[in-house]
Amino acid sequence: MWKWLHPYAKPERAYQLCVTLQPYFLWPGILCLVAGSIWGLAFAPQDYQQGDSFRIIYIHVPSAILSMSTYVAMAVAALVGIVWQWRTAFMAMIAMAPIGAVVTFIALFTGAAWGKPMWGTWWVWDARLTSELILLFLYLGVIALYGAFEDKQQAGKAAGVMALVGVVNVPIIHYSVEWWNTLHQGATISKFDKPSIAPEMLWPLLIALLGLALFIAAVTVMRMKNEIIRREYHRPWVKDLAARALGDDHAV
Amino acid sequence: MNTLINGIFKRDMALAFRQRSELAQPLMFLLMVITLFPLGIGPGPVTLQKIGPGVIWIAAILSSLLAMERLFRDDFWDGSLEQYMLSGQSVAAIAAVKVLVHWLVSFLPLALFSPLLALFLNLTVDMYIALMLTLVLGTPLLSLVGAIAVGLTVGLQRGGVLLALLLIPVFIPLLIFATSAVDSAALQLPYRAQLAIIGAMLMLAMASAPFAIAYALKVSQN
């Protein structure tokens, strides 16, 4: 059943897959991101309490949701790498780590910018802010551990173990911090039965969410291509690729 | 198998007790960090009682990070770790024994030391009992989870700060539940729930950490 997956353990096939997937992720991602942002920032109705300052939701909520999802995706890649001994899975994992860290930072930053007019302060030690901050620390830990090793194959495995330890901890951190202190409003769109947000505000949010998800996937694929090339640069297929690219340049 | 486990246990205990200064240093560090707090924040007994549980736990985590490295470092550099891997015995079991010894020599003294700390920070008897219980349940978790990161960083030349960066975020839930248990005790409230959660985290770590440590050591040995 899983046989079709195995060829992608080979860097060359994984590279080809990345090349194929990149346009499907990149252009719809940019399109959705632009459409969702313009619709949300310019055309969605004002919030009756928060006025226009609620509009940062169209950046804040997608990045907050996807910072968690990216960590989970990273941990899944690490698990695949550890269980089936795939080098490419570790490459995918480490391709995602800095992206996830940046998305987490965006969520924190927009959260702070939203907190200033709403709560009257840039930062409060509220449950979700704190767990988002700890998530950023977990990302930084994985990146730091990866950077500490000379041998990148070893580095991938080590960072993978740490990513898995972190993912076991993410729900524990989330609930412990929630219990510890809560000021943040409840989730708005995860209540699927009856969302507590007006549909004309919800649609641009969902489009922005989809757009950011596709965009993260596109950047992951691009970074993974680079990672594969960097590790395999002495292999014949990479040399062929480089020769072809150079040849094209000369033709132009 | 049992002979091996016994042998490692006795060897590690003997090694630990022959390097007494290394055993005592983290405890001295703990004591000094705790001394800093009344000096920095002010000696008011009410303030000290309020921050006491958090201070003791933070100092315990920091001092444990200092001492954590010696868990596998010497064995890595003198090659005995490699011999364990080659012995064909379960590395997870060996790792579990080493973690047990580490807990016995670095955290048990801390727990025995804690009445003094409780006196310094003006904790009540109820708070002290809660603190003791959280230390007994929580510190094995520090040893078990810490050993995974130590296993990963043991081959690196300067793993010390990295180890702290990796472990501090992971220890946050433990800190929250432990201090909240002691705070509840201060208000005469029941704190079984917090203890139960720390216990559950300990069970999870006991079941899974030895295997993660074994894998981490394998990665480090390459």
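Since the structure is predicted, the reported quantities are computational estimates derived from the model, not experimental observations. Below, chains carry the letters A, B, ... as their sequence lines are ordered, and counting in each starts from 1.
- Applying the side chain to side chain contact (heavy atoms under 4.5 Å, CB included) test between Val170(B) and each of Ile134(A), Ile172(A), Val165(A), Val168(A) identifies Val165(A) as the sole match.
- Heavy-atom distances place the side chain of Leu156(B), and not its backbone, under 4.5 Å from chain A.
- Summarising the local packing, OH of Tyr84(B) is surrounded by more than 12 heavy atoms from other residues, nucleotides or ligands at distances under 6.0 Å.
- With rounding to the nearest 0.5 Å, the separation of CD1 in Ile176(B) from OG1 in Thr130(A) is 8.0 Å.
- Counting heavy-atom neighbours within 6.0 Å of Trp84(A) CH2, excluding the residue itself, gives a total of 12 or less.
- For chain B, the option among Gln154(A), Gln153(A), Glu150(A), Lys157(A) with the highest count of heavy-atom pairs below 4.5 Å is Gln154(A).
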Subject >> From CA spacing to verdict: side-chain contact (heavy atoms from CB on, under 4.5 Å), Val161(A), Tyr215(B) >> reply: CA-CA 8 Å; Val161(A) 174; Tyr215(B) 185 80; 3.4 Å; yes
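- More than 12 heavy atoms of other residues, nucleotides or ligands lie within 6.0 Å of CZ in Arg11(B), so this atom counts as buried by the packing criterion.
- Applying the 6.0 Å contact sphere to NZ of Lys152(A) captures more than 12 heavy atoms from other residues, nucleotides or ligands.
- Within a 6.0 Å radius of CZ in Phe76(B), more than 12 heavy atoms belonging to other residues, nucleotides or ligands are found.
- If you measure heavy-atom distances from Leu135(A) to chain B, you find no contacts under 4.5 Å at all.
- Counting heavy-atom pairs closer than 4.5 Å to chain A, the top-ranked of the candidates Val145(B), Leu165(B), Ile197(B), Leu162(B) is Leu162(B).
- Considering only heavy-atom pairs separated by less than 4.5 Å from chain A, the leading option among Ile172(B), Leu174(B), Thr179(B) is Ile172(B).
- Only the side chain of Leu204(B) comes within less than 4.5 Å of a heavy atom in chain A; its backbone stays farther off.
- Closest approach of Asn169(A) and Pro173(B) over heavy atoms only: OD1-CG, 3.6 Å.
- Other residues, nucleotides and ligands place no more than 12 heavy atoms under 6.0 Å from the CZ atom of Phe105(A).
- For the atom pair Leu167(B) CG and Phe137(A) CZ, the distance stands at 14.0 Å (nearest 0.5 Å).
- Closest non-hydrogen pair, Pro169(B) versus Leu138(A), comes out as CB-CD2, 3.9 Å.
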